[in-house]
Amino acid sequence: MNVRVRFAPSPTGALHIGGGHTALFNWLWARHNNGKFILRIEDTDLVRSTKEYEQTIMSGMKWLRLDWDEGPDIGGDCGPYRQSERLDIYRDYANNLVNDGKAYRDGEAIIFRVEPGQDISFRDIVYGQIDVMSDGLKEKDSDKLKDIVIIKSDGMPTYNYAVVIDDHLMKISHVIRGEDHISNTPKQILLYRALGWDVPEFAHLPMILGRDKKKLSKRHGATSIYEYRDMGYMPDSMFNFLALLGWSAGDDKEIFTRNEAAELFELSRVTRKAAVFDFDKLNHINQEHLKALPPEVRLSMVRPFWVEAGLPVESVESSRGVKYLEDALTLMAGRGQTAKEMAQFSDYFVSFEPVKSRWNADGVDKEKLRPFFTELFAQEWNAEKLEETARAWVAGHEGAKMKDYAMPLRFALTGMKVSPGVFEVAELLGRDECSERLKYYGLL
RNA sequence: GGUCCCAUCGUCCAGAGGCCUAGGACACAGCCCUUUCAAGGCUGCGACGCGGGUUCGAAUCCCGCUGGGACCGCCA
């Protein structure tokens, strides 16, 4: 089967979590089958749609690296890919339906007649058999059967109509979308039949809920994909996390790359239960990815947050080399759940200034520490030698404990009570830098 | 009000009649390692919503109940 799937957002807002999830599953299915992933813009709401949002959605998808094979920006054989540019098509088919007596005009609008007694059941790849009769398509709070508006008074097609025309004309093989569309599907099936077309396969996806188990919305905090980027989550982590909402490969593997996911993905393994968006899990997945990153990529993820914090990344890079910054973050691997946290936790590698502002002399016995630091600085400057020296010092002094020396050193160098191994930090910072920092406090 | 969907640890996911005294992950708690934890290791806590069937046997199949949710727009 020639798999062709599409993501069809309406440009009335940024790409949000739910949309990203839907786009992701479509992408997964396309890539798994070596099929095509199509982006179609559903901009038939004249009032709310904007070109800016269209751009935002596309860049959101690019950030997640959900690349499409056909779309409004790159074209394709089934274009145009913007519904506002397909109005003639919708009108032609609507006129045919009117001529066939299957639809009628009311005002400026065209309305499809729903006949009672029709079985509009369908089989969903995820949800299985869904039985519906056309008699159930009632008006709200009424027993009246509800006909379907297909062309609005302003000449634009409605969602339920345009989606059918486009999915057919664009040769969509699988319609993969949120579960909130299950109840739209029977209406669309009625339209497919009236038009004499075969229906595509349907696969509905479970909803994503907030902690309170209500549909994810602004109330739950960040909903747009971009907000996650700005918080320091990485595209591959978001991808990994979103893929796990409503799907698993069946084994215990939870940290994977997009290609691994594409290989393993099966629509038949998608879950039916709505999933709660869990920040703790996202954090963990992001941390795992952050840990596994190649040094240069890790640096590229963290760098913007150092810059954002006003740290002199550029000058440190030119004076000490990019390798220094990469090594610093290699030491940090696994520490911090977001790129932003990692940047915050490692600022002392980039500048002494934040260290000064955190350091204070409370409880620091300078007289006791000075000889120890002097001894340290008499050594060859590498972590192994430094630790060896420190241990020898502790062993040679009655009642001395490693932490009585290591902690003040850590605090003086980093301004933090937590850091990677302090001797490794010292080695990387370098003898001169360490010396400068200790002298500043009068510890050397 | 009508139609439809869902129901395993707090959360995400395993489980497609016996392999389940229900497994993994996150979170949480505790312990260990140790110069610190935001790193690493170990242990623990913790669920099949309820009631009926079917069956030698049910988390798995059927029915009812309860509880969630979606949709019923000339929004998508």
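- The closest side-chain heavy-atom distance from Tyr161(A) to Ile110(A) is not below 4.5 Å.
- Contacts of His181(A) with the nucleic acid, taken as non-hydrogen atoms under 4.0 Å apart, include base atoms.
- Residue Lys273(A) places none of its side-chain N or O atoms closer than 4.0 Å to OP1 or OP2 of G69(B).
- Among the heavy atoms of the strands lying under 4.0 Å from Asp180(A) are primed sugar atoms or P, OP1, OP2 only; no base atom is included.
- Arg211(A) has its CZ atom 11 Å from the P atom of C28(B), to the nearest Å.
- No N or O donor and acceptor, one from the side chain of Lys291(A) and one from the base of A39(B), sit under 3.5 Å apart.
- The shortest distance between the side-chain N/O atoms of Ser419(A) and the OP1/OP2 oxygens of A38(B) is not below 4.0 Å.
- Within the structure, every side-chain polar atom (N or O) of Lys340(A) is placed at least 4.0 Å from both OP1 and OP2 of A38(B).
- Across all strands, Arg272(A) comes closer than 4.0 Å only to sugar-phosphate atoms, never to a base (heavy-atom distances).
- Heavy atoms of Lys417(A) sit under 4.0 angstrom from at least one base atom.
- Among the protein residues, Val422(A) comes within range of the nucleic acid bases, having at least one heavy atom under 4.0 Å from a base atom.
- Residue Arg391(A) places at least one side-chain N or O closer than 4.0 Å to OP1 or OP2 of U35(B).
- OP1 or OP2 of C72(B) has not a single side-chain nitrogen or oxygen of Lys144(A) nearer than 4.0 Å.
- Look at Lys253(A) and you won't find any side-chain N or O under 4.0 angstrom from OP1 or OP2 of G24(B).
- Between G69(B) and Ser183(A), no contact under 4.0 Å exists linking OP1 or OP2 to a side-chain N or O.
- Judged by a 6.0 Å distance limit and a 45° cone about the ring axis, Arg40(A) is not positioned over the six-membered ring of Tyr81(A).
- The residue Lys140(A) sits close to a base: some heavy atom pair falls under 4.0 Å.
- When Watson-Crick and G-U wobble pairs are counted only if both distances are under 3.5 Å, A14(B) pairs with no nucleotide at all.
- Aromatic ring pairs are classed by plane angle as parallel below 30°, tilted from 30° to 60° and perpendicular above 60°; the pair His32(A) and Trp29(A) is parallel.
- For A39(B), the OP1/OP2 oxygens have a side-chain nitrogen or oxygen of Gln287(A) closer than 4.0 Å.
- Using the Watson-Crick or G-U wobble rule with both distances under 3.5 Å, C19(B) pairs with nothing in any strand shown.
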Q. Hey, mind stepping through Leu195(A) and Leu97(A) against side chain to side chain contact (heavy atoms under 4.5 Å, CB included) and telling me if it holds?
A. CA-CA 8 Å; Leu195(A) 263 357; Leu97(A) 288 173; 3.7 Å; yes
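- Among the atoms of the strands shown, none is found under 4.0 Å from any heavy atom of Gly107(A).
- If you check every strand for non-hydrogen atoms under 4.0 Å, Met207(A) touches nothing.
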